[in-house]
Amino acid sequence: AQTVTQSQPEMSVQEAETVTLSCTYDTSESNYYLFWYKQPPSRQMILVIRQEAYKQQNATENRFSVNFQKAAKSFSLKISDSQLGDTAMYFCAFRRNNNNDMRFGAGTRLTVKP
Amino acid sequence: DVKVTQSSRYLVKRTGEKVFLECVQDMDHENMFWYRQDPGLGLRLIYFSYDVKMKEKGDIPEGYSVSREKKERFSLILESASTNQTSMYLCASSLQSRDKVRFGSGTQLSVL
């Protein structure tokens, strides 16, 4: 089974600064999808960004971008200009192509300080 | 607004009780999932279903069963609840593997 590792249980950043959350994964597949989800205190999981493994270009969504290193099996999330509303748990997730299940990491609790 | 709805936000049950967690989606999605979320462990897949009456075990199916009689509804069943099943349970659904997975708001289950 695929595994997803987030090595940073907790992180903090000052408002308006940049922070990077780490994620590594283990798979023998060549085609798959990677995701970052955000879970604020409301508990609602929100998709932040998605990366398709066959695409070399790193995905970006406004202040959120990823550094996808396929050979290293690394998928980090960079949050620029951090805002107080970014305070949440962040989960990295992996999903094989043409497969229905999704695997998650243990999560990183991010706190943005004013 | 499209959504995944879990019937209870909080639930308290006794050891040995049979527990049903219900999940309904209104997006005509084929795939539905049940996860449990525990601190330090993230989300772990219990079961998923890719079609009506079809199911597959995830990573931690022991002590759980599921039912999907209709496309929009996916139920998680704890046949005899135990204290180690105290957890947050999240239901989710998606159309295809590459598509966005949408989550419910979770059910915090406490087994006493």
Side-chain angles (χ1 to χ4, degrees), chain A residues 1-10 21-27 29-55 59 61 75 88-110, chain B residues 1-6 8-11 23 25 29-52 54-61 66 68 74 87-109:
Chain A
Q2 284 72 24
T3 58
V4 180
T5 303
Q6 293 178 249
S7 58
Q8 306 150 313
E10 294 187 19
L21 308 184
S22 301
C23 174
T24 59
Y25 56 93
D26 182 28
T27 184
E29 304 283 333
S30 60
N31 201 12
Y32 47 86
Y33 302 92
L34 295 163
F35 307 83
W36 278 99
Y37 277 85
K38 168 185 177 181
Q39 187 183 45
S42 67
R43 302 187 335 205
Q44 184 65 54
M45 294 282 278
I46 302 164
L47 178 65
V48 174
I49 201 164
R50 179 180 72 181
Q51 175 80 41
E52 293 155 333
Y54 65 86
K55 290 186 177 179
E61 287 287 343
F75 182 61
M89 282 290 289
Y90 287 81
F91 293 98
C92 178
F94 171 99
R95 195 174 193 186
R96 287 182 290 165
N97 188 33
N98 295 324
N99 188 279
N100 296 309
D101 61 334
M102 181 179 285
R103 295 297 195 270
F104 287 82
T108 296
R109 183 176 300 280
L110 176 68
Chain B
D1 188 23
V2 293
K3 59 173 62 175
V4 178
T5 302
Q6 294 184 231
S8 302
R9 190 161 175 85
Y10 298 96
L11 208 53
C23 176
Q25 50 95 1
H29 284 172
E30 275 78 28
N31 304 312
M32 295 190 75
F33 311 84
W34 275 106
Y35 291 89
R36 66 176 279 175
Q37 180 180 356
D38 300 287
L41 297 176
L43 278 71
R44 292 180 291 167
L45 183 63
I46 305 172
Y47 269 97
F48 68 97
S49 168
Y50 52 90
D51 201 351
V52 175
M54 306 302 290
K55 61 183 180 184
E56 286 198 24
K57 294 179 180 179
D59 294 326
I60 51 165
V66 290
R68 193 165 181 202
F74 191 37
S87 185
M88 170 76 75
Y89 290 87
L90 288 166
C91 176
S93 73
S94 75
L95 194 55
Q96 296 178 6
S97 62
R98 66 176 183 273
D99 292 323
K100 178 177 180 177
V101 174
R102 294 182 185 269
F103 284 84
S105 297
T107 296
Q108 179 63 52
L109 173 67

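Within every chain, numbering begins at 1; the chains are lettered A, B, ... in the order of the sequence lines, protein sequences first and strands thereafter. All of these numbers come straight from a predicted model, not from anything done at the bench.
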Go through the steps to decide whether Tyr37(A) and Val101(B) satisfy the test side-chain contact (heavy atoms from CB on, under 4.5 Å), and finish with yes or no. CA-CA 10 Å; Tyr37(A) 277 85; Val101(B) 174; 3.3 Å; yes

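Here the side chains of Tyr35(B) and Met45(A) are not in contact, with every heavy-atom distance at 4.5 Å or above. Taking 4.5 Å as the limit, every side-chain heavy atom of Met102(A) sits out of range of all side-chain heavy atoms of Asn31(B).
Between Ala106(A) and Gly40(B), the closest heavy-atom pair is CB-O, 3.4 Å. Contact record, Ser105(B) with Gln44(A): OG-OE1, 3.0 Å, taken as the closest heavy-atom pair.
Within 6.0 Å of atom CZ in Arg43(A), more than 12 heavy atoms from other residues, nucleotides or ligands are found, so the atom counts as buried in its surroundings.
In this structure, chain A has heavy atoms under 4.5 Å from both the backbone and the side chain of Gln108(B). Looking at Arg9(B), both its backbone and its side chain come within 4.5 Å of chain A, counting heavy atoms on both sides. In this structure, chain B has a heavy atom under 4.5 Å from the side chain of Gln39(A), while its backbone stays farther away. Only the side chain of Leu45(B) has a heavy atom closer than 4.5 Å to any heavy atom of chain A.
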